[in-house]
Number of protein chains: 2
Amino acid sequence: MENDRLNAGKSITIYDIAAEAGVSASTVSRVLNGSASVRKEKKDRIQSIIDKYNFKPNALAKGLSDTATKTIGIIAADVRNPYYSALFVACEIAAEKAGYSVGLANSLGVKEREQAQLDILLQQKVDAIIQMGGRVDDLITDDAYAEKVRAVCASTPVIVTGKLDKAPVHRVVIDEAKGMNLVMEHLIGLGHHKIALVGGEMRVASTFYKYQRYEDNLKAHGIKVNGEYVVNGYYDPESGYDATNKILKLEDRPTAIIAINDFAASGALRSIREHGLRVPEDISVVSFDNTYIADLMSPKLTSIDYNYDKYGQKLIDTAVAVSAGKEVEDLQMVDPVLVIRDSTGICYN
Amino acid sequence: MENDRLNAGKSITIYDIAAEAGVSASTVSRVLNGSASVRKEKKDRIQSIIDKYNFKPNALAKGLSDTATKTIGIIAADVRNPYYSALFVACEIAAEKAGYSVGLANSLGVKEREQAQLDILLQQKVDAIIQMGGRVDDLITDDAYAEKVRAVCASTPVIVTGKLDKAPVHRVVIDEAKGMNLVMEHLIGLGHHKIALVGGEMRVASTFYKYQRYEDNLKAHGIKVNGEYVVNGYYDPESGYDATNKILKLEDRPTAIIAINDFAASGALRSIREHGLRVPEDISVVSFDNTYIADLMSPKLTSIDYNYDKYGQKLIDTAVAVSAGKEVEDLQMVDPVLVIRDSTGICYN
DNA sequence: TATGTAATTGAAATCGGTTTCAGACAGTCC
DNA sequence: GGACTGTCTGAAACCGATTTCAATTACATA
């Protein structure tokens with residue numbers, strides 16, 4: 001008992017196991033990893049001692065002597081956004097299957113944090129870094145940031161979900177163009193011609209790409225682009241609310257609204273309701289991300305889904321492959337899917 | 001150049017710095033940590049070389065020789081639930097201020113995962129483990145699980161957000177009783193007597209405690225407890241929806257519904273709307289957690305808030321203090337607050 | 001029984017830091 | 001000048017694993 005107290009905090013090591021088994025640490029290590037053959041009788045004895053103490057080798061020591069830590073660091077913009085939490089959990093599950101564990105840091109969109117977190121992950125000797133959202137999504141890459149990432153890439157593979165060029169990263173990105181095409185085809189197929197776009201910043205690449213396809217699709221259908229129908233903002237409910245308020249004041253009201261994400265869509269819904277209009281009878285609403293929010297709203301939102309499980313799997317596969325020195329495509333695409341729910345309907349106007 | 005390529009993946013060490021500065025590694029270490037005095041001129045020279053290479057010491061090696069890793073492991077039930085993501089980010093920010101970094105693992109409510117994650121964190125030599133949600137919330141502690149936690153506690157402090165007894169953990173929990181008191185006072189103050197409770201499992205301690213106070217408050221106001229008004233379930237929208245459907249079919253309909261969390265409340269709102277009733281004119285709705293969902297709904301939800309920033313801060317403060325060997329209260333409480341929005345109103349029936 | 005080969009095993013080096021310990025050196029005081 | 005003090009500094013041990021290398025043992029074959 002008193003001995004227990006004295007030992008508090010001191011955990012058991014491979015040498016303790018070796019001593020109790022009357023063998024060397026090398027042999028215990030071999031049993032632990034199955035890295036070389038050990039005489040059956042001896043192996044069983046050692047294994048039973050390992051089990052008895054539920055001994056788990058110190059990951060720090062292991063990481064120090066091995067070349068790999070079997071750890072992947074993930075920097076997300078903000079897990080409080082369900083888009084990132086869904087993607088993170090998908091990565092975690094995929095990583096686990098591959099025998100890796102993941103760490104999570106939130107950059108909260110602050111450049112200094114992103115850089116500091118890169119440094120921490122580097123110090124922790126993760127085998128790869130996945131950065132989702134934040135600076136890597138900028139349409140125009142910040143030079144200082146690119147320089148930093150380039151330095152990181154020299155020792156650790158970096159996989160990003162955004163457009164970041166100017167650094168030797170691997171990219172696994174959503175095919176935004178395809179997503180917007182799906183949305184536009186859906187709306188135009190329902191007879192909508194007066195389509196608005198709310199929320200999002202043009203400095204964010206994914207938003208900009210969406211906007212491009214929005215224009216392209218309208219033009220392709222001979223529909224004139226109405227500048228008043230595009231009201232940017234951010235990615236939160238307030239932004240969607242404000243933008244929609246502005247749009248609903250227009251003389252020539254649109255019959256459909258595309259929100260940059262589900263948050264913005266929730267604000268749009270509120271604004272529409274407050275204007276005494278119905279969804280989808282008077283106005284259709286579509287959004288991007290298909291987070292659980294889409295399912296919480298009334299009416300439930302038609303939204304573009306990114307198949308988070310597959311997306312996470314692809315990110316981890318890439319991280320694992322690159323860190324193992326395998327050749328992997330620099331750029332991989334993830335196909336979005338349109339999930340049709342109750343917020344879109346035929347245009348009667 | 002070719003040299004660069006050869007060195008790819010090999011990062012710079014304290015010995016490289018020492019060699020370039022013409023001193024020993026010990027001296028560089030002293031400059032790095034300010035752990036002992038080094039002659040000014042020499043110190044500056046070493047520092048400039050450190051800066052030049054942006055050298056950051058290998059955290060694995062450091063953790064191996066130090067007693068602490070300045071790392072805190074967090075096991076959450078599921079960060080996709082905004083309750084946990086809010087709390088996690090609060091912890092991350094608080095940890096950062098204290099010079100710690102945090103890791104995140106999701107147990108997803110699976111016992112085997114919780115145990116495996118405890119083992120991984122132990123191997124990674126985190127200075128403390130914070131477990132939020134999952135098994136630690138059980139009203140009746142699982143013996144095998146308690147045994148596991150007890151073993152973990154022998155080497156690493158564990159802080160939990162739930163009721164887990166039977167293991168020498170530290171607990172920082174929400175004062176559920178106070179929360180439910182606030183809710184009941186609010187509703188009864190608005191004239192409600194027929195109050196229903198939807199969602200949640202009684203095997204979860206926090207839910208059970210809420211139920212107890214629900215009963216207590218009714219009795220204290222001389223209101224008879226109606227068993228039909230309590231419909232348990234889980235913590236998702238569907239559960240709230242199903243439970244509310246059941247309740248709205250009753251002859252003697254309640255005038256207020258308390259949902260176990262914002263998710264369940266969103267389902268309740270949907271059911272109420274589908275029954276052609278209005279919130280709060282016909283029925284008031286209150287919920288717990290005050291996640292951003294409460295703000296997304298129409299009407300916006302009146303909900304119990306846990307002050308996540310302070311809660312996270314308290315968790316980290318406790319983790320840091322305990323791992324430093326300081327004496328800390330075994331049980332600390334966090335006070336909830338009622339945030340009144342648009343889903344509750346005076347009872348006219 | 002002698003010999004060759006394959007299977008086992010442990011000593012020692014290594015990973016990249018920190019820290020103790022003792023020696024070198026400089027400055028102060030009689 | 002000698003003794004004493006205090007400041008700097010590096011060598012070496014240590015943290016807990018893995019792995020190389022060489023030695024030992026076991027076993028099959030001639």
Side-chain angles (χ1 to χ4, degrees), chain A residues 7 9-47 49-50 53 55-71 119-120 122-127 155-156, chain B residues 7 9-47 49-50 53 55-71 119-120 122-127 155-156:
Chain A
N7 284 341
K10 265 321 267 168
S11 35
I12 189 168
T13 74
I14 199 172
Y15 293 98
D16 300 323
I17 302 291
E20 180 157 342
V23 299
S24 74
S26 331
T27 304
V28 177
S29 173
R30 285 187 266 257
V31 171
L32 238 25
N33 302 297
S35 53
S37 56
V38 172
R39 190 189 310 284
K40 176 94 173 56
E41 177 254 346
K42 193 171 282 191
K43 180 177 182 167
D44 291 344
R45 180 156 43 90
I46 295 173
Q47 186 61 55
I49 298 176
I50 289 173
Y53 293 109
F55 169 71
K56 301 270 189 264
N58 182 322
L60 301 175
K62 192 162 184 160
L64 191 54
S65 74
D66 286 3
T67 43
T69 54
K70 291 284 179 183
T71 285
D119 277 334
I120 291 175
L122 234 45
Q123 286 187 71
Q124 293 177 168
K125 300 294 160 188
V126 296
D127 293 341
S155 63
T156 308
Chain B
N7 283 342
K10 266 321 265 171
S11 34
I12 190 166
T13 74
I14 199 172
Y15 292 97
D16 299 324
I17 303 290
E20 180 156 343
V23 299
S24 75
S26 332
T27 304
V28 177
S29 174
R30 283 186 266 258
V31 172
L32 237 26
N33 304 297
S35 53
S37 54
V38 172
R39 190 190 310 284
K40 176 96 173 54
E41 177 255 344
K42 193 171 280 193
K43 179 178 183 166
D44 291 343
R45 178 155 45 89
I46 294 174
Q47 187 60 57
I49 297 177
I50 290 173
Y53 293 109
F55 169 72
K56 302 270 187 266
N58 182 323
L60 301 173
K62 190 161 186 161
L64 191 55
S65 73
D66 287 1
T67 44
T69 54
K70 292 287 181 180
T71 285
D119 278 334
I120 290 175
L122 235 45
Q123 286 187 69
Q124 293 177 168
K125 300 294 161 188
V126 296
D127 293 342
S155 62
T156 307

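The sequence lines fix the lettering, A, B, ..., with proteins before strands; numbering per chain opens at 1.
- Of the residues near DNA chain C, A:Ser26 and A:Lys40, the one whose nearest nucleotide (by heavy atom distance) lies more toward the 5' end is A:Lys40.
- The listed nucleotides are C:dA11, C:dT8, C:dT18; the one nearest the side chain of B:Ile14 is C:dT18.
- Considering only the side chain of A:Arg30, D:dT20 comes nearest among D:dT20, C:dT20, C:dG16.
- B:Ala18 and B:Ala25 get closest at one heavy-atom pair: CB-N, 3.7 Å.
- As judged by a 4.0 angstrom heavy-atom cut-off over every strand, A:Thr27 is placed among residues touching the sugar-phosphate backbone only.
- The NZ atom of B:Lys62 sits 22 Å away from the P atom of D:dC14 (whole-angstrom rounding).
- In the set D:dA11, C:dG17, D:dG16, D:dG16 carries the atom at the smallest distance from any side-chain atom of A:Ala61.
- When distances are taken from the side chain of A:Leu64 to each of C:dC15, D:dG10, C:dT19, the shortest belongs to C:dC15.
- The phosphate of D:dT9 has OP1 or OP2 within less than 4.0 Å of a side-chain N or O from B:Arg39.
- For B:Tyr15, counting side-chain heavy atoms from C-beta on, the closest listed nucleotide (D:dA11, C:dG10, C:dG16) is C:dG16.
- For B:Asp66, counting side-chain heavy atoms from C-beta on, the closest listed nucleotide (C:dT19, D:dA17, D:dT18) is C:dT19.
- B:Ser29 has a side-chain polar atom (N or O) that falls below the 4.0 Å cut-off from OP1 or OP2 of C:dT18.
- Partner B:Asp44 forms a side chain to side chain donor-acceptor pair (under 3.5 Å) with one of B:Lys42, B:Gln47, B:Lys40 and no other, that one being B:Lys40.
- Looking at B:Lys56 and B:Ser11, their side chains never bring a donor and an acceptor atom within 3.5 Å of each other.
- Phosphate contact (OP1/OP2 of C:dT9, side-chain N/O of A:Lys42, threshold under 4.0 Å): present.
- With hydrogens and angles ignored, no donor-acceptor pair closer than 3.5 Å exists between the side chain of A:Thr13 and the base of D:dA17.
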